Amino acid sequence: MKIVIAGGAGRIGSRISKALDDQGYSVVVASPRHGIDALTGLGLAEAFAGADVVIDTMNLPPAIPYSEAESFFGTATTNLLRAGEAAGVKHHLLLSVVGVDRVNSHYFRGKQRQEQLVRDHGGPFSIVRSTSVLEALSGSVLTDPELAAPRVPNLTLQPVAARDLARVVARTVAAAPRRGLIEVAGPETLSLPEVATRMMRATDDLRHVVVDHTAEYLGTVFEPGDTVLLPDLRVGSTSVDEWLVRLPA
Ligand SMILES: NC(=O)c1ccc[n+]([C@@H]2O[C@H](COP(=O)([O-])OP(=O)(O)OC[C@H]3O[C@@H](n4cnc5c(N)ncnc54)[C@H](OP(=O)(O)O)[C@@H]3O)[C@@H](O)[C@H]2O)c1
């Protein structure tokens, strides 16, 4: 089976690419550094020839400001879907963000637009929404080791390891298209300052994290303690046996 991974050289895409490669799939990484550009369409037709599945893990490149996210995701996703249709792709899998429809910002509206295009394109699809990956948090928190005190917003998150997310995506590829959503999250609910502090202590970085309610996350200022980026599932506590014990005799 041939799988094209748009953004397959990125933080998450590269792990998905490795997971699928290890499982024996024929993987083509489609990203600008590989001469394939979803925004301009450069190289898409050649990359997509004979493809069965497309996985979209593209992200807004650093050179494009958040204010242009809607236009970036709109144009690039439309180009991927058109190339997929022309090549007879049987499954379009989009990587999106948990809480995407609860945040009104350029970046999240861009991701909403991307999801809508995928839902409406008429072909088989799956949308995997993930919480923040630990690798992205460690990147953003520890980017500037020169800062006297890293400033982070007081967001509540349930971060996931990129390799766990990659495994879910690989399993989704192997299954029939979901024609709907799957949400992925890590096992712990934590504040971003707590995650940042733990990451820094693990590298003997003794700086103190400053909680800054004006600091942006993905180009947005969130409310202090905001939980909009947590997954929606709530799990009850009563097991089958506990429920049976309470049944009237
Ligand atoms: N990071 C997170 O915590 C997180 C959580 C949930 C969902 N997501 C979603 O996952 C996706 C990937 O995130 P990430 O953190 O892995 O991003 P990333 O590390 O910034 O990687 C982005 C990838 O997109 C590629 N790209 C940029 N412009 C492109 C274009 N015009 N055509 C084709 N490819 C292009 C880049 O290509 P080059 O390498 O060639 O520059 C890169 O490979 C995003 O859509 C994001 O919303 C991320």
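Here the structure is a predicted model, which means the values were calculated and not measured. Ligands are counted one by one from 1 in listed order, and the atoms in each one are counted from 1 as well.
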Okay, side chain of [X], backbone of [Y]: is any donor-acceptor separation there less than 3.5 Å?
{"X": "Thr57", "Y": "Gly7", "result": "yes"}
{"X": "Arg151", "Y": "Val211", "result": "no"}
{"X": "Arg113", "Y": "Leu117", "result": "no"}
{"X": "Thr203", "Y": "Met200", "result": "yes"}
{"X": "Lys111", "Y": "Asp101", "result": "no"}
{"X": "Gln158", "Y": "Thr189", "result": "no"}
{"X": "Thr220", "Y": "Phe222", "result": "no"}
{"X": "Thr78", "Y": "Gly74", "result": "yes"}

Near [X], which atoms of ligand 1 are under 4.0 Å from a heavy atom of that residue?
{"X": "Asp37", "value": "30 (C), 31 (N), 32 (N)"}
{"X": "Ser130", "value": "6 (C)"}
{"X": "Ala9", "value": "39 (O), 43 (O)"}
{"X": "Met58", "value": "11 (C), 24 (O), 32 (N), 33 (C), 34 (N), 35 (C), 44 (C), 45 (O)"}
{"X": "Lys111", "value": "44 (C), 45 (O), 46 (C), 47 (O)"}
{"X": "Leu39", "value": "31 (N)"}
{"X": "Gly10", "value": "19 (O), 21 (O), 42 (C), 43 (O)"}
{"X": "Val97", "value": "7 (C), 47 (O)"}

For [atom], what's the nearest protein heavy atom and its distance?
{"atom": "atom 32 (N) of ligand 1", "value": "Ala38 N, 2.9 Å"}
{"atom": "atom 16 (O) of ligand 1", "value": "Ile12 N, 2.9 Å"}
{"atom": "atom 13 (O) of ligand 1", "value": "Asn59 ND2, 3.5 Å"}
{"atom": "atom 3 (O) of ligand 1", "value": "Val133 N, 2.8 Å"}
{"atom": "atom 47 (O) of ligand 1", "value": "Tyr107 OH, 2.6 Å"}
{"atom": "atom 15 (O) of ligand 1", "value": "Arg11 NH1, 2.6 Å"}
{"atom": "atom 10 (O) of ligand 1", "value": "Leu95 CD2, 3.3 Å"}
{"atom": "atom 1 (N) of ligand 1", "value": "Ala136 CB, 3.5 Å"}

Under 4.0 Å, heavy-atom basis, I'd like to know which part of [X] is in contact with ligand 1: side chain, backbone, both or neither.
{"X": "Leu60", "result": "neither"}
{"X": "Ser96", "result": "backbone"}
{"X": "His34", "result": "neither"}
{"X": "Phe72", "result": "side chain"}

At a 4.0 Å cut-off, with the gap strictly under it, does some heavy atom of Thr131 reach an atom of ligand 1?
yes
Taking the non-hydrogen atoms of Pro32, is any one of them nearer than 4.0 angstrom to ligand 1?
yes
Considering only NZ, NE, NH1 and NH2 on the basic side and carboxylate oxygens on the acidic side, decide whether [X] and [Y] come within less than 4.0 Å.
{"X": "Glu242", "Y": "Arg246", "result": "no"}
{"X": "Glu135", "Y": "Arg163", "result": "no"}
{"X": "Asp22", "Y": "Lys18", "result": "yes"}

Using a 6.0 Å cut-off, check whether atom NZ of Lys2 has over 12 heavy atoms from anything other than its own residue.
yes
Which heavy atom of Val4 sits nearest a heavy atom of Ala30, and at what distance?
CG1-CB, 3.8 Å
Closest non-hydrogen atom pair between Pro153 and Tyr217, with its separation
CG-CB, 4.2 Å
Nearest to atom 23 (C) of ligand 1 by heavy atom, Gly110, Gly7, Ser31: which?
Gly7
